[in-house]
Visitor: 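One structure, pasted below without further comment.
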Amino acid sequence: MAIEKTLILIKPDGIKRRLTGLAIDRLENAGFELVGAKAVSVTEELARKHYDALKDKPFFENLIKYIRGEFHGISKNRLIALVYRGENAIKGVRAVVGATNPEDAAPGTIRGSFGRISSKGQFENVVHASGDAQDAVREVALWFKPEEIIE
Ligand code: IDP
Ligand code: MG
């Protein structure tokens, strides 16, 4: 058992549909500790760095538009970034969040309950959650300064 930190983003569809509180409630009830939280204006550069591993995917350019709120009319490219900490937090948070494709995400998970595939084919799945330990370390460092996280 390892104590891990993991990055969660309330994506623009989650912001627009007022699901921030619901996502935080689900994660809190799952027993994870919220150790970092802020609103972020997502620059083009931050979006591209965050999703760098997907840069060769056909959906990449739409993914950058999506995470910057361009499909949801979010002003100032705003989203909410959170860091959760806990035992096996990366896998545990992913279990609460559900599978990437909203059609495959289990009922009762955040994505299974609230995700959709847009008419453009974009997976709008409400929240981002780090995929593995390597991603989690990289993503927490990308979105947060060390002093913004309670250790
Ligand atoms: P994850 O968010 O579950 O870790 P990734 O494979 O890392 O999934 O993909 C990042 C994001 O890119 C997804 O959450 C989703 O919004 C989008 N995405 C992934 N695969 C597809 C796809 O096949 N079509 C459209 N969008 C996708
Ligand atoms: Mg991922």
Side-chain angles (χ1 to χ4, degrees), residues 2 4-30 32 34-74 76-144 149:
E4 297 170 330
K5 290 197 289 285
T6 186
L7 179 83
I8 310 304
L9 304 173
I10 313 297
K11 291 177 165 182
D13 51 325
I15 299 282
K16 180 167 183 190
R17 294 162 73 195
R18 302 181 182 170
L19 294 169
T20 302
L22 179 135
I24 291 174
D25 197 44
R26 296 268 179 104
L27 292 164
E28 183 172 46
N29 278 317
F32 303 108
L34 184 55
V35 294
K38 62 180 177 180
V40 181
S41 180
V42 183
T43 62
E44 181 91 27
E45 187 189 3
L46 177 57
R48 287 181 185 277
K49 277 188 184 160
H50 177 72
Y51 281 129
D52 185 62
L54 299 175
K55 63 174 181 284
D56 296 328
K57 300 283 185 190
F59 56 83
F60 181 70
E61 291 303 325
N62 275 345
L63 179 58
I64 298 306
K65 289 198 179 95
Y66 165 44
I67 200 69
R68 299 193 70 224
E70 291 180 21
F71 294 143
H72 294 89
I74 305 294
K76 311 282 185 191
N77 313 102
R78 179 178 65 91
L79 53 64
I80 301 293
L82 307 165
V83 177
Y84 282 88
R85 186 176 174 279
E87 220 162 69
N88 294 330
I90 298 164
K91 258 200 164 162
V93 166
R94 291 282 299 197
V96 174
V97 163
T100 303
N101 182 338
E103 285 185 354
D104 298 335
T109 61
I110 296 170
R111 289 170 167 179
S113 295
F114 302 104
R116 67 189 277 268
I117 301 178
S118 78
S119 54
K120 291 186 175 71
Q122 186 59 45
F123 294 178
E124 296 184 354
N125 51 17
V126 188
V127 293
H128 167 81
S130 301
D132 58 31
Q134 198 182 327
D135 279 354
V137 168
R138 188 184 77 86
E139 292 173 1
V140 169
L142 179 63
W143 289 81
F144 283 82
I149 295 167

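Computed from a predicted structure; not experimentally measured. Both ligands and their constituent atoms are indexed starting at 1 by order of listing. FYI, the numbering just counts along the sequence from 1.
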Visitor: Among all the protein's non-hydrogen atoms, which is closest to atom 23 (O) of ligand 1, and how far away is it?
Guide: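 Among all protein heavy atoms, the one nearest atom 23 (O) of ligand 1 is Phe123 CZ, 3.5 Å.
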Visitor: Just so I know, are the side chains of Asp132 and Asp135 near enough to count as touching, which here means a heavy-atom distance under 4.5 Å?
Guide: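 Counting from C-beta outward, Asp132 and Asp135 do come under 4.5 Å.
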Visitor: What I want to know is whether Tyr66 and ligand 1 share at least one N or O pair that is separated by under 3.5 angstrom.
Guide: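 There is no such contact.
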Visitor: Counting each atom of ligand 1 from 1 as listed, which ones have a heavy atom of Asn125 under 4.0 Å away?
Guide: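 So the answer, numbered in order with elements, is 13 (C), 14 (O), 15 (C), 16 (O).
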Visitor: Can you find a heavy atom in the side chain of Leu79 that is under 4.5 Å from one in the side chain of Ile10?
Guide: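 No. Closest side-chain heavy atoms not under 4.5 Å.
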Visitor: Give yes if a backbone or side-chain nitrogen or oxygen of His128 is under 3.5 Å from a nitrogen or oxygen of ligand 1, and no if not.
Guide: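 Checking ligand 1 against His128, no N or O pair falls under 3.5 Å apart.
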Visitor: May I ask you to list the atoms of ligand 1 that are less than 4.0 angstrom from any heavy atom of Gly121?
Guide: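 With Gly121 as reference, the close atoms of ligand 1 come out as 24 (N), 25 (C).
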Visitor: Just let me know how Asn62 lines up against ligand 1, side chain, backbone, both or neither, with a heavy-atom cut-off below 4.0 Å.
Guide: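 Neither part.
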Visitor: Counting heavy atoms only, which part of His50 comes closer than 4.0 Å to ligand 1: side chain, backbone, both or neither?
Guide: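 Looking at His50 and ligand 1, no heavy atom falls under 4.0 Å.
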Visitor: With a heavy-atom distance limit of 4.0 Å, tell me whether Glu124 approaches ligand 1 through its side chain, its backbone, both, or neither.
Guide: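 It is neither; nothing of Glu124 touches ligand 1.
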Visitor: Does some side-chain heavy atom of Thr43 sit less than 4.5 Å from a side-chain heavy atom of Asn77?
Guide: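 No. Closest side-chain heavy atoms not under 4.5 Å.
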Visitor: Around atom 11 (C) of ligand 1, find the nearest protein heavy atom and jot down its residue, atom name and distance.
Guide: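 I find the closest protein heavy atom is Leu63 CD1, 3.8 Å.
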Visitor: Given that the side chain starts at C-beta and the backbone is N, CA, C, O, which of these parts of Arg111 lies under 4.0 Å from ligand 1, counting heavy atoms, or is it both or neither?
Guide: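 Side chain only.
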Visitor: Mark up the atoms of ligand 1 that fall under 4.0 Å of a heavy atom belonging to Arg94, in ascending order.
Guide: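 Once the distances to Arg94 are compared, the set is 1 (P), 3 (O), 4 (O).
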Visitor: Does the distance from a Lys or Arg side-chain N to an Asp or Glu carboxylate O, for Asp13 and Lys16, drop under 4.0 Å?
Guide: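 Salt bridge absent between Asp13 and Lys16.
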Visitor: Would you call the rings of Tyr51 and His128 parallel, tilted or perpendicular if under 30° counts as parallel and over 60° as perpendicular?
Guide: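 Taking His128 first and then Tyr51, their aromatic rings stand perpendicular (interplane angle over 60°).
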Visitor: Residues two or more places apart in sequence or in another chain: which of them pass salt bridge (Lys or Arg N to Asp or Glu O under 4.0 Å) with Lys91?
Guide: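 Not a single residue meets the salt bridge (Lys or Arg N to Asp or Glu O under 4.0 Å) criterion with Lys91.
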Visitor: Under 4.0 Å between a side-chain nitrogen and a carboxylate oxygen: does that hold for Arg68 and Glu44?
Guide: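 Answer for the salt bridge query: yes.
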Visitor: Is it the side chain (CB and beyond), the backbone, both or neither of Thr100 that lies under 4.0 Å from ligand 1, heavy atoms counted?
Guide: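 Contact part for Thr100 vs ligand 1: both backbone and side chain.
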Visitor: Does the cation-pi check pass for Lys38 over Phe144, that is, NZ or CZ under 6.0 Å from the six-membered ring centre and within 45° of its axis?
Guide: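 Yes, a cation-pi geometry.
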Visitor: Between Arg48 and Glu61, does any side-chain N to carboxylate O distance fall below 4.0 Å?
Guide: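 Yes.
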Visitor: Tell me whether the count of non-hydrogen atoms from other residues, nucleotides or ligands lying under 6.0 Å of CD in Glu70 goes above 12.
Guide: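 Above 12, so yes.
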Visitor: Purely on distance, is any nitrogen or oxygen of Tyr51 under 3.5 Å from one on ligand 1?
Guide: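 Such a contact does not occur with ligand 1.
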Visitor: Starting from atom 7 (O) of ligand 1, locate the nearest protein heavy atom and write down its residue, its atom name and how far away it is, to 0.1 Å.
Guide: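 Of the protein heavy atoms, Leu54 CD1, 4.0 Å lies nearest.
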Visitor: Is there a nitrogen or oxygen of Phe59 sitting under 3.5 Å from a nitrogen or oxygen of ligand 1?
Guide: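 It does not: no N or O of Phe59 is found under 3.5 Å from an N or O of ligand 1.
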